[in-house]
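Written below as structure tokens is the structure these notes are about.
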Amino acid sequence: MEEYHALDRWLSWMDELALNDYVIIDDFLREDRLNVLQAFFKEHLEAFTKAGIGALNDQMIRSDIRGDFTYWLDRKRDTPLDSIWSLIDETIHIYNRYCYLGLSGYEFHLAHYPTGGHYDKHLDQFNNRNNRTISMIFYLNKNWQKGDGGELEIYQEDGSTLLVEPLEARCVMFKSAVVPHAVLASNKPRYSLTGWLLQQPSKLGQFSLT
């Protein structure tokens, strides 16, 4: 497997995730793969559909709760993203080799928040399906500035919140069943690749990284 990030960097990120339940990594995507993702996003923007809440067979459209549009990815179809799929493979390998998570799948979509789009506080887990283990977000926003909105708001155990700006090439990973979060209203169009690393079949309970 081609190594995209050095092992020592991966291990430091895993340590931070184990400590805080989340990790924020700037410049996670190098320019070549960032350009691939941004071009693919732009080419497929007209095919995006309004996002719902709930599992696939029980989804509802609630614009008061969630205001983004999504395009679900398929590895066999979306071959222009092969370099991105390889990076996801590397991520799963690291989690399984050094954190013993037993990840065996993933699901990803492109997410477009138009001006005013937001997503209320939630967990990335369903009542009747609990195999989402790690949430992973790649931000694709060029020239993002203070005041543009669209921050990821992470709710922490001590009652405080952390605002994460959606800066270009930044990656955020967190424990899907543990970290409540929201997306604040965006003041201009906001773009990301968002997905989940899965345990299959669904596994009861929560995991810990030690």
Side-chain angles (χ1 to χ4, degrees), residues 13 20-54 59-74 77-78 80-81 83-85 87-88 91 106-124 132 134-156 160-174 176 179-197:
W13 297 332
N20 298 322
D21 295 335
Y22 63 86
V23 59
I24 301 164
I25 308 167
D26 287 332
D27 300 317
F28 186 81
L29 288 174
R30 293 197 291 264
E31 186 175 4
D32 55 348
R33 297 190 192 190
L34 179 63
N35 290 341
V36 166
L37 258 178
Q38 289 170 330
F40 187 91
F41 197 111
K42 184 176 180 180
E43 290 170 6
H44 292 79
L45 194 52
E46 292 185 359
F48 281 53
T49 58
K50 188 74 176 68
I53 59 172
Q59 278 203 355
M60 298 183 297
I61 301 298
R62 288 287 305 274
S63 297
D64 57 322
I65 295 175
R66 181 177 185 180
D68 59 322
F69 292 77
T70 58
Y71 179 85
W72 285 92
L73 298 176
D74 182 296
R77 179 194 64 203
D78 299 321
L81 298 180
S83 62
I84 305 301
W85 298 124
L87 177 54
I88 293 168
T91 306
Y106 52 80
E107 53 189 8
F108 278 83
H109 62 64
L110 302 175
H112 169 218
Y113 284 80
T115 300
H118 73 289
Y119 197 163
D120 287 352
K121 181 181 178 182
H122 64 284
L123 281 173
D124 282 351
R132 287 181 172 178
I134 298 291
S135 299
M136 192 171 188
I137 307 168
F138 304 85
Y139 292 118
L140 310 176
N141 306 295
K142 290 183 177 293
N143 303 316
W144 202 264
Q145 303 294 323
K146 291 282 188 182
D148 287 340
E151 297 92 347
L152 176 71
E153 184 173 25
I154 293 176
Y155 294 80
Q156 303 184 95
S160 64
T161 61
L162 173 70
L163 293 183
V164 183
E165 295 183 26
L167 302 179
E168 184 180 42
R170 171 176 280 177
C171 175
V172 181
M173 291 185 280
F174 55 87
S176 302
V179 179
H181 57 284
V183 177
L184 301 187
S186 184
N187 297 321
K188 69 177 188 180
R190 175 191 187 274
Y191 308 131
S192 67
L193 169 64
T194 300
W196 299 271
L197 310 182

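Heads up: numbering here begins at 1 and tracks the sequence. These numbers were taken from a predicted model, which means no experiment stands behind them.
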- Test L197 against I88 for side chain to side chain contact (heavy atoms under 4.5 Å, CB included), laying out the working first. CA-CA 9 Å; L197 310 182; I88 293 168; 4.2 Å; yes
- Task: Check whether the side chains of D124 and H181 place a donor and an acceptor atom closer than 3.5 Å, and report yes or no.
- Result: yes
- Task: Decide whether W196 and S135 meet the rule of one side-chain donor and one side-chain acceptor closer than 3.5 Å.
- Result: yes
- Message: So, using salt bridge (charged side-chain N to carboxylate O under 4.0 Å, His left out) as the criterion, who are the partners of D78 when residues are at least two apart?
- Response: none
- For the residue pair D21 and Q156, establish whether any side-chain heavy-atom pair is separated by less than 4.5 Å. no
- Tell me the ring-ring contact (aromatic ring centres under 6.0 Å, His included) pairs involving residues 28-50, sequence neighbours left out? H5-F28, W10-F28, W13-F28, F28-F138, F40-H44, F41-F48, F41-Y191, H44-Y71, F48-Y71
- What do the steps show when you test I134 against T91 for side chain to side chain contact (heavy atoms under 4.5 Å, CB included), and what is the final call? CA-CA 10 Å; I134 298 291; T91 306; over 6 Å; no
- Query: So, for F108 and W72, is the gap between ring centers shorter than 6.0 Å?
  - Reply: no
- Side chains of L193 and L73: does their closest heavy-atom pair fall under 4.5 Å? yes
- Task: Could I get the full list of side chain to side chain contact (heavy atoms under 4.5 Å, CB included) partners for N187, not counting sequence neighbours?
- Result: none
- Task: Starting from the C-alpha separation in whole Å, work towards a yes-or-no answer on side chain to side chain contact (heavy atoms under 4.5 Å, CB included) for V172 and V23.
- Result: CA-CA 6 Å; V172 181; V23 59; over 6 Å; no
- Note on the structure: Minimal heavy-atom distance between A185 and G116, with the atoms involved, is CB-O, 4.2 Å
- Decide yes or no for R190 and Y139: does some side-chain heavy atom of the first lie under 4.5 Å from some side-chain heavy atom of the second? yes
- Message: According to salt bridge (charged side-chain N to carboxylate O under 4.0 Å, His left out), who are the partners of D74, at least two apart in sequence or on a separate chain?
- Response: none
- Should Y113 and P189 count as side-chain neighbours, where that means a heavy-atom distance under 4.5 Å? no
- Message: Between H112 and T70, is there a side-chain heavy-atom distance shorter than 4.5 Å?
- Response: no
- Query: Is there a side-chain contact between V36 and L81, using heavy atoms and a 4.5 Å cut-off?
  - Reply: yes
- Partners passing side chain to side chain contact (heavy atoms under 4.5 Å, CB included) against E168 (at least two apart in sequence or in another chain): L34, Q38, K142
- Please tell me if the side chains of L152 and L163 come closer than 4.5 Å, counting only heavy atoms from C-beta onward. no
- Would you check if the side chain of D26 reaches a backbone N or O of R170 as a donor-acceptor pair within less than 3.5 Å? no
- Rounded to the nearest 0.5 Å, the CG atom of L87 sits from the CZ atom of R30 at a distance of 8.5 Å
- Between D120 and H118, do the side chains contain an N or O donor and an N or O acceptor separated by less than 3.5 Å? yes
- Item | Results of side chain to side chain donor-acceptor pair (under 3.5 Å) for E165 - residues two or more places apart only | K146
- List in chain and number order the residues that pass side chain to side chain donor-acceptor pair (under 3.5 Å) with S192, two or more places apart in sequence or in another chain; answer none if no residue qualifies. T194
- Query: Do M136 and C171 have side-chain heavy atoms sitting under 4.5 Å apart?
  - Reply: yes
- Can you name the side chain to side chain donor-acceptor pair (under 3.5 Å) partners of E151, sequence neighbours left out? none
- In terms of heavy-atom contacts, R33 and S83 come closest through NH1-O, 2.8 Å
- Across all chains, not counting sequence neighbours, the side chain to side chain contact (heavy atoms under 4.5 Å, CB included) partners of T161 are E153, Y155
- Query: side chain to side chain donor-acceptor pair (under 3.5 Å) with K188: which residues, sequence neighbours excluded?
  - Reply: D148
- For L110 and F69, run side chain to side chain contact (heavy atoms under 4.5 Å, CB included): C-alpha distance rounded to whole Å, both residues' side-chain angles, the deciding distance at 0.1 Å, then the answer. CA-CA 8 Å; L110 302 175; F69 292 77; over 6 Å; no
- Between A111 and D68, the two heavy atoms sitting closest are CB-OD2, 4.3 Å
